[in-house]
Amino acid sequence: MSYALVDCNNFYASCERLFQPHLEGKPVVVLSNNDGCAIARSNEAKQLGIAMGAPLHQIQALIKQHQVALFSSNYPLYGDLSARVMRTLEQLAPRVEIYSIDEAFLDLQGMPAPQRQILGRTIHQQVKRWTGIPVSVGIGPTKTLAKVANRFAKKSPKTEGVLDLSDPQWCRKALHQLPVGEVWGVGPRWAKRLNQAGIDTALQLSRMPPPLARQQFNVVLERTVRELRGESVIPFAALPAARQSIATTRTFGQKIHTHDEIKEAISSFTVRAAEKLRKQGLLAAALHLFITTNRFSEQDLQYKNSLTWSFQQPQDDTLTLLTGAHAALDAIYRPGYRYQKAGVILLGLVSAQHFQPSLFAPPPRLPNSRALMRTLDGLNQKMGRGTVRFGAEGPPKPSWGMRQLQRSPAYTTRWSDLPQV
DNA sequence: TCTGGGGTCCTAGGACCC
DNA sequence: TCTGGGGTCCTAGGACCC
């Protein structure tokens, strides 16, 4: 087997810089929703010591001192540029698995080494030329080793953005240099446990007997060990798997405490989730609702709770989903707390096309539900999100709405935001 | 005053079956 | 005084990913 992993460098930061080229070579940071913490950093920002996930209020001084360019996250922009990168890859490589917004695996099975190198170089140059986004390419006999190769391609200037670790000798050298916690599939918890067992590098992990990995941890780590040894056990997936859940969750722009405010918030989350559900042609059998106070706050009284509400039959009708969400909220809401976050997760998803209704349950749909939902979705798609709203959602600009003070324009997805040259 | 959002998979334990 | 064995399904919680 042979895989390539193509990974966009500092993706969100690169997207922002693409439309503000004067920031080339300067530190750039993209913030999470509510401008809460750093979720993407340019290399210059990383060099300043700004950590992934660092809360903004803890790095303010650094930002001022080095004039770091700050951006609120702009997902329409990143989604659109991601699609351009993926379309480019699909033109250059035979089989592409889109793994995340900024990463794709390529299946290079049967390709000889010199050709792999040429393909890697071509991808590195063409994606940059056609989309403006810099990428790194890592190649290896398993997905996990392609990930390792990618990491070195990104960090070591000698590689010029492309590294093939198919040669076992080079592979061993790389694994020896790689801390175990940076292996794909090994998170902070397991890294700590592995370190305690004397396993500090990826090479040491690759030498752990797979059955032991399974016994001491679980089958996931066993697979990682096998992959590090060159045995390909994580398959290539050309087609995306069926969705298991659809979530809309938010931290509020400011704390809210009244039942009415939370009801508005969870209503609009439910409306959004239902839109996503119908867009993907799915029905949901249950709705999970959670609400929570600020877990970081030491002075606030803490409360969190959640409830899963099951429907008689899987559905995609917003009114019915709202009924479930409201009932769930009434069951778990407690007055007297400053709520910070809430969310709605749709579960038990089945295809609307293939769904077989129950023989005994009453018909779940409200009259004309299908036509009504189609009309709402059509209007909102054509005229912009929120053109037609449910009363339960409250006003269009609610008190609990997101803080996004540094938002860049939707350069590529909104006519009014087109950049002018 | 200030700490994101959207996902997946695995496992243990409880409820249930015969 | 004494109460089996083998199995499935579901769910919550914990780990991981980007």
Side-chain angles (χ1 to χ4, degrees), chain A residues 5-12 29-40 50-61 63 70-75 78-79 82 98-105 143-144 147 150-151 180-194 213-224 234 237 240-255 269 272-273 276-277 280 285-286 288 290 292-300 304-308 310 338 340-349 402-405:
Chain A
L5 175 67
V6 183
D7 192 325
C8 301
N9 301 346
N10 315 324
F11 183 53
Y12 297 170
V29 164
V30 177
L31 301 168
S32 63
N33 277 351
N34 286 312
D35 297 342
C37 47
I39 55 166
I50 296 174
M52 179 69 176
L56 178 60
H57 65 93
Q58 287 176 12
I59 53 174
Q60 280 291 11
I63 282 166
L70 283 185
F71 292 92
S72 302
S73 33
N74 184 346
Y75 291 103
Y78 312 149
S82 169
I98 298 173
Y99 176 69
S100 73
I101 192 164
D102 70 335
E103 279 174 71
F105 286 104
K143 283 182 162 180
T144 304
K147 276 263 186 188
N150 188 285
R151 184 186 167 281
V180 73
E182 295 192 28
V183 173
W184 187 42
V186 180
R189 298 287 169 90
W190 288 5
K192 200 173 163 197
R193 270 177 66 190
L194 286 165
R214 184 176 204 142
Q215 186 213 324
Q216 304 272 309
F217 292 83
N218 64 12
V219 66
V220 178
L221 193 74
E222 182 194 356
R223 285 201 276 257
T224 298
I234 303 176
R243 277 254 161 290
Q244 316 265 327
S245 62
I246 290 176
T248 301
T249 73
R250 289 288 176 279
T251 297
F252 306 130
Q254 60 183 54
K255 307 281 178 300
F269 301 163
R272 276 294 297 141
K276 296 185 205 172
L277 185 72
Q280 299 183 42
H288 182 80
F290 71 84
T292 175
T293 51
N294 181 3
R295 68 186 198 277
F296 296 107
S297 170
E298 283 169 14
Q299 64 267 32
D300 283 356
K304 67 175 191 175
N305 207 345
S306 68
L307 186 72
T308 301
S310 297
R338 300 171 71 223
Q340 188 221 17
K341 182 176 176 172
V344 166
I345 306 171
L346 302 179
L347 303 166
L349 306 186
M402 269 194 286
R403 278 192 314 270
Q404 290 205 306
L405 299 176

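Protein chains get the first letters and strands the later ones, always in sequence-line order, with residue 1 at the start of each.
Across all strands shown, A/Gln254 has no heavy atoms under 4.0 Å from either base or sugar-phosphate atoms. Looking at heavy-atom distances under 4.0 Å, A/Thr248 makes contact with sugar-phosphate atoms alone, never a base. Within the 4.0 angstrom heavy-atom criterion, no nucleotide atom of any strand lies near A/Arg193.
Counting to the nearest Å, the P atom of B/dG4 and the CZ atom of A/Arg403 are 10 Å from each other. For A/Lys276 and B/dG7, the NZ to C1' distance is 11 Å, given to the nearest whole Å. Separating the CD1 atom of A/Ile345 from the C1' atom of B/dG6 is a distance of 9 Å, rounded to the nearest angstrom. Put simply, CG on A/Asn74 is 15 Å from C1' on B/dG5, counting in whole angstrom units.
Distances shorter than 4.0 Å separate none of the side-chain N or O atoms of A/Ser32 from OP1 or OP2 on B/dG5. Contact between the side-chain N/O atoms of A/Lys255 and the OP1/OP2 oxygens of B/dT1 is not found at any separation under 4.0 Å.
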Protein heavy-atom contacts under 4.0 Å, written 5' to 3' over nucleotides 13-18 of chain C as B (base), S (sugar-phosphate only) or - (none), form the string --SSSS
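In DNA chain C, the stems built from three or more successive Watson-Crick or G-U pairs (distances below 3.5 Å) are B:5-18 with C:5-18.
A residue-by-residue look at A/Val219 and A/Arg250 shows that A/Arg250 has its nearest nucleotide of DNA chain B further toward the 5' end.
Counting only heavy atoms from C-beta on, A/Thr249 has its side chain closest to B/dG6 among B/dG6, B/dG7, B/dT3.
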